[in-house]
Amino acid sequence: MFLPITATPFSHPGYKEILPDKALAPYVRCYWTSWNEEETPTTPSPELEKIHSVVIPDLCADIIIVIDGTENPEDGREITSMGFCGVNDKMFNSGHSQNPYRKLFGIRLYSWQAAVFSNEPLSKTANGFFDLQIHFQTAEKLLRQKLSPTMTLQDFKTVAEEILLTLLSRPLQKLPVQSHLIIDSIVQMIRTRGRQNLSALLKDIHASERQLERLFAEAFSLSPKKVSSLIRYQSLWQEVCRSKTFDIQDAVFDYGYYDQAHLLNDFKKFHGMNLHEAKELASACRIFTIQDSQSVL
């Protein structure tokens, strides 16, 4: 129902992603890898640097594994850190690593499902980056036991899915409590593409505003209103990228904006650039497109 995309949703050198198997599709958006090796220049062009650096809100949270090494793979590579990047509600620039042989692997989780795999509540994690042990002690331990510094993306997916399924099978008393109201709310927001007002949503799911605010804050530290706005923004961005006949006036009506100015201002607030600039950046990926793409687009 909802497959959020990045600012550069087409494959390009230095980045690749693959989708999860069916059992984990409700929890995982994708598994991904990025690297600074021969395929990506140590000092990338301004265009390629921009493609790698822009991170937009996608309502996902990432477990990120960092692997460092040297030019010669025989010298050895090692997992140097594991972190958790909480859900973001604004665009930021990630920057470029100074280590020319660094490689990252990531598990991109739907933010409202990430707590299912954690040991600690994910409140106050929005727009933050944390050592994986702080909230995911069990996952961190299992990943260190099973991951290899020389693995491929497919190898990483195989190990990650085994670990995630293990975490899902934990006894109920060891699982973080997740209210059905969170999932009911998210499903309703996705169905309406974020255009339903909060009072109508609360009526549909039979909850109070205070109750829902508390549940959302504990689960992934965003308010229901902000999540709904982000779903509308992401749904709009997906249509912009996928549709060959995108019409902004139709979008104003379809997504419940007051007028064209309201749509454009709301988009820029989340994306960090205007719609024209966003489209140009996404299109720039096509210049660097590589074969064997597994992008959802």
Is there a donor-acceptor contact under 3.5 Å from the side chain of Ser111 to the main chain of Leu59? yes
Measuring only between side-chain heavy atoms, which start at C-beta, is Met151 closer than 4.5 Å to Ile67? yes
Would you list the pairs meeting salt bridge (charged side-chain N to carboxylate O under 4.0 Å, His left out) in which at least one residue belongs to residues 200-210, sequence neighbours left out? none
Hey, what's the ring geometry for Trp112 with Tyr110, parallel, tilted or perpendicular (30° and 60° as the breaks)? parallel
Heavy atoms of Ala219 and Ala115 approach each other most closely as O-CB, 4.1 Å
Apply the test side chain to side chain contact (heavy atoms under 4.5 Å, CB included) to residues Leu104 and Tyr15: give CA-CA distance (whole Å), side-chain angles for both, the deciding distance (0.1 Å), then the verdict. CA-CA 9 Å; Leu104 307 180; Tyr15 178 83; over 6 Å; no
Out of curiosity, Lys279 NZ to Phe246 CZ, how far, rounded to the nearest 0.5 Å? 7.0 Å
Quick one: does Ser228's side chain have a donor or acceptor within less than 3.5 Å of a partner on Lys225's backbone? no
Phe130: partners by ring-ring contact (aromatic ring centres under 6.0 Å, His included), with sequence neighbours left out: His135
Just so I know, are the side chains of Thr138 and Thr166 near enough to count as touching, which here means a heavy-atom distance under 4.5 Å? no
Search all heavy atoms of Thr6 against all heavy atoms of Trp237 and return the closest pair with its distance. O-NE1, 3.0 Å
Kindly check if the number of other-residue, nucleotide or ligand heavy atoms within 6.0 Å of NZ (Lys269) is above 12? yes
Taking the side chain as everything from C-beta on, heavy atoms only, tell me whether Ile63 gets closer than 4.5 Å to Phe105. no
Parallel, tilted or perpendicular, judged at 30° and 60°: which one describes the rings of Phe216 and Phe220? tilted
So Tyr31 and Phe156, would you call those rings parallel, tilted or perpendicular, with 30° and 60° as cut-offs? perpendicular
Can the positive tip of Arg232 be found less than 6.0 Å from the middle of the six-membered ring of Phe270, inside 45° of the ring normal? no
Check the angle between the aromatic planes of Tyr27 and Phe117 and answer parallel, tilted or perpendicular using the 30° and 60° thresholds. perpendicular
Would you confirm whether Arg108, through its side chain, and Trp32, through its main-chain N or O, come within 3.5 Å as a donor-acceptor pair? no
Audit row: Asp254, Arg195, salt bridge (Lys or Arg N to Asp or Glu O under 4.0 Å) steps and yes/no: CA-CA 9 Å; Asp254 291 342; Arg195 61 177 295 173; 5.7 Å; no
